[in-house]
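On a predicted model such as this, the values are computed, not experimentally measured, just so you know. Here is how names work: the chains are called A, B, and so on, in the same order as the sequence lines, proteins then strands, and each is numbered from 1.
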2 protein chains.
Amino acid sequence: MALIRAKDHSPGEDQVSRSGQPESRRALTLRDVSEASGVSEMTVSRVLRNRGDVSDSTRERVLEAAKRLGYVPNKIAGALASQRVNLVAVIVPSLSNLVFPDVLGGISEELEDSGLQPVFGVTNYLADREEAVLYQMLSWRPSGVIVAGLEHTEAASAMLRNAGIPIVEIMDVDGEPIDSVVGISHRRAGLEMARAIVRAGYLRIGFLGTKMPHDYRARKRLEGFEAGLAETGVELADKEFYSGGSALLKGREMTEAILSRTPDLDFLYYSNDMIGAGGLLYCLEKGIDVPGKLGLAGFNGVDLLDGLPRKLATMDACRHEIGRRAAQIVAGRSGSGLIGGEIVELTPVLQLGDTIRNA
Amino acid sequence: MALIRAKDHSPGEDQVSRSGQPESRRALTLRDVSEASGVSEMTVSRVLRNRGDVSDSTRERVLEAAKRLGYVPNKIAGALASQRVNLVAVIVPSLSNLVFPDVLGGISEELEDSGLQPVFGVTNYLADREEAVLYQMLSWRPSGVIVAGLEHTEAASAMLRNAGIPIVEIMDVDGEPIDSVVGISHRRAGLEMARAIVRAGYLRIGFLGTKMPHDYRARKRLEGFEAGLAETGVELADKEFYSGGSALLKGREMTEAILSRTPDLDFLYYSNDMIGAGGLLYCLEKGIDVPGKLGLAGFNGVDLLDGLPRKLATMDACRHEIGRRAAQIVAGRSGSGLIGGEIVELTPVLQLGDTIRNA
DNA sequence: GTGAAAGCGCTAACAG
DNA sequence: CTGTTAGCGCTTTCAC
């Protein structure tokens with residue numbers, strides 16, 4: 001299975017100085033560049049950071065020496081001295097959930113030319129893990145934090161409150177933010193989906209979703225959904241939950257399960273597009289009339305699924321935009337004039353697709 | 001679309017000290033904990049790092065004070081003093097390509113209890129961007145680097161060579177590694193797929209893939225594939241390339257295009273599973289006999305697609321395992337006894353699925 | 001335009 | 001078991 005072999009290292013040669021003394025290769029410092037260029041450390045530092053006036057000739061000599069030596073500045077020392085760190089901590093629950101790579105993409109894009117650098121941490125939907133990751137990241141004294149969700153442990157909330165830097169909670173606006181927040185109302189997303197479904201004349205509605213106890217946003221969507229149905233006196237006819245495994249496959253299995261248990265359902269609302277797609281494929285195979293006899297809808301607006309036989313009804317979660325806006329706030333370019341405390345609620349757009357019949 | 005409002009900040013209160021002097025809130029230091037606990041800075045430091053012997057009573061006093069104050073250690077200062085940084089730089093081309101989140105997952109998992117922390121950077125398949133990201137990351141003096149691919153700019157290669165830390169290039173073993181490498185041979189993957197296809201009796205074979213000029217691995221697979229066909233005198237009958245857009249949709253479009261241009265094709269080899277899945281869906285809709293009249297295969301072994309109507313033939317790219325192994329090497333727990341220069345070639349497993357007929 | 005001195009917050013090394 | 005001293009490699013500040 002795996003083949004391991006030693007690389008041809010000429011042993012020791014790199015590790016032994018001219019004088020024969022063993023010495024571990026020390027990383028280059030400003031002093032090395034200073035000596036190589038005959039310019040003071042201070043001026044070298046100025047050149048390398050483009051700060052203050054330096055004569056062209058000096059600048060050139062320094063740059064040449066730095067390049068020739070292969071000098072890489074030590075940001076640790078720089079950060080300690082200047083009390084400035086160009087890092088932004090970004091904490092998300094998962095990377096395999098298709099949602100987050102999009103958000104991170106928006107953040108990277110926006111930060112690209114801001115001089116700030118995102119640093120990603122993953123919590124696996126575990127509050128304790130979030131706390132630990134946050135602690136680690138804060139100990140590097142970043143310039144800002146972007147964190148998914150409004151729910152944190154006591155300790156994590158306290159750290160965020162006391163960090164003294166911009167904090168942006170993202171994805172969700174249904175709750176009390178610590179500082180700024182950028183997201184959508186998942187409650188309202190569920191609510192509006194419910195209204196659209198009822199408006200289209202469906203009545204026997206089932207819900208299929210994740211069992212993850214800490215996916216607060218999915219839960220809020222379900223709450224909103226039920227509230228939306230209740231407006232016209234409709235109640236959820238059945239529910240089905242899952243955890244783990246391939247979402248597409250789970251979508252199939254759950255759909256089969258719920259339909260065999262409650263055969264008279266005329267609509268299935270899935271908590272994400274992937275399981276919705278699995279359900280759609282299942283229904284098409286079984287020859288079920290979609291959306292005539294059975295309507296379907298998911299959530300997220302995942303364009304990964306664009307090539308399916310039918311376009312699943314969904315609601316765009318504004319993932320990329322959320323990333324951008326959050327990054328703008330941290331970078332101080334949101335244009336709001338506010339320092340902290342920004343509330344940005346984005347509005348997800350309902351996409352009817354081909355799986356909800358026209359009212 | 002977006003609603004922005006100010007948060008109710010009680011202005012200034014936090015920013016003004018008891019004495020009425022405005023002062024920006026300084027982050028807590030060891031000294032603060034030292035004073036609050038009546039223990040020397042050094043001993044506080046020992047307690048907080050679990051180093052050296054400290055009496056239980058002292059430890060308790062320190063821990064209590066640190067917790068009460070909400071002290072978060074400053075790793076910048078710590079790193080500068082100890083010349084140790086618990087960060088591992090991880091550089092990948094993309095997060096939207098489903099492959100990389102899996103790799104990152106493997107890395108995170110393995111590093112979890114090693115005291116090391118991954119820091120992710122994204123290059124968008126741009127060599128210059130890779131160089132820039134690498135420079136940024138090296139300037140934080142990480143304990144190791146994990147980077148996707150064997151192809152780098154001159155400058156990037158030089159930086160990696162001179163960094164004096166473990167470097168692990170991942171995904172691909174077809175080339176000259178700088179230090180260690182963990183991956184599969186994409187050339188061989190293509191070659192073996194070709195053999196399997198020819199063995200199954202297909203003869204008029206088309207290739208569909210990405211146009212991305214810098215996806216070296218996809219290119220190597222194609223080379224290997226053509227070499228594999230050539231062993232029995234077969235040549236690729238047609239090729240089709242794409243870039244951008246939803247892969248599933250592109251897979252459909254490309255399949256339609258190649259089949260209308262070259263209708264007598266009896267096999268389509270896709271450079272990744274997503275476009276392969278699009279092609280599969282297209283063929284099923286058109287009523288094409290798969291795998292009887294037309295065989296299909298992709299690459300990656302993406303389990304995201306597990307719920308499709310048929311299982312697409314593919315080859316597992318060992319993504320998760322690659323991440324784990326690379327992380328082990330950086331953490332010094334690969335068990336090989338080597339210091340640097342490890343070559344780990346994983347063997348992807350061919351999964352015939354339902355889209356290659358039995359030979 | 002350039003340089004010298006001081007110190008960022010922590011830890012290594014040693015002394016007791 | 002605990003404390004003292006001396007930096008880590010930069011940048012700030014001030015002097016020239």
Within the structure shown, what part of the strands sits under 4.0 Å from B:Arg84 by heavy-atom distance: base, sugar-phosphate, or nothing? sugar-phosphate
Touch check for B:Asp53, heavy atoms < 4.0 angstrom, all strands: base, sugar-phosphate only, or nothing? base
Looking only at C:dG9, C:dC10, D:dC10, the nucleotide nearest the B:Leu80 side chain is C:dG9
Please determine if a side-chain N or O atom of [X] lies less than 4.0 Å away from the OP1 or OP2 oxygen of [N].
{"X": "A:Gln83", "N": "C:dG9", "answer": "yes"}
{"X": "A:Thr43", "N": "C:dG1", "answer": "no"}
{"X": "A:Ser45", "N": "D:dT11", "answer": "yes"}
{"X": "A:Tyr71", "N": "D:dC10", "answer": "yes"}
{"X": "A:Ser40", "N": "C:dT2", "answer": "no"}
{"X": "B:Ser82", "N": "C:dC10", "answer": "no"}
{"X": "B:Thr58", "N": "D:dT2", "answer": "yes"}

Rounded to whole Å, how long is the line connecting atom [atom1] of [X] with atom [atom2] of [N]?
{"X": "B:Trp140", "N": "D:dG9", "atom1": "CH2", "atom2": "P", "answer": "15 Å"}
{"X": "A:Met42", "N": "C:dG3", "atom1": "CE", "atom2": "C1'", "answer": "9 Å"}
{"X": "B:Leu30", "N": "D:dC8", "atom1": "CG", "atom2": "P", "answer": "19 Å"}
{"X": "B:Leu69", "N": "C:dG9", "atom1": "CG", "atom2": "P", "answer": "16 Å"}
{"X": "B:Asp32", "N": "C:dC8", "atom1": "CG", "atom2": "C1'", "answer": "14 Å"}
{"X": "B:Arg49", "N": "D:dT2", "atom1": "CZ", "atom2": "P", "answer": "15 Å"}
{"X": "B:Asn74", "N": "C:dG7", "atom1": "CG", "atom2": "C1'", "answer": "14 Å"}
{"X": "A:Arg61", "N": "C:dT2", "atom1": "CZ", "atom2": "C1'", "answer": "12 Å"}

If you assign B:Ile76 and B:Arg51 each to the DNA chain C nucleotide with the nearest heavy atom, which residue ends up on the more 5' nucleotide? B:Ile76
Any side-chain heavy atom of A:Leu104 within less than 4.5 Å of one from B:Phe120? no
Under a 3.5 Å distance rule, please check whether A:Ser143 uses its side chain to pair with a backbone N or O of A:Val85 as donor and acceptor. yes
Once side-chain hydrogen bond (donor to acceptor under 3.5 Å, both in side chains) is applied, do any residues pair with B:Ser37, and if so which ones, sequence neighbours excluded? none
Taking NZ, NE, NH1 and NH2 as the nitrogens, is one of them in A:Arg59 or A:Asp53 under 4.0 Å from a carboxylate oxygen of the other? no
Could you tell me whether the side chain of A:Arg46 has a donor or acceptor atom within less than 3.5 Å of a complementary atom in the base of C:dG3? yes
Do A:His152 and A:Glu130 pair up side chain to side chain, a donor and an acceptor below 3.5 Å, judged on atom types alone? yes
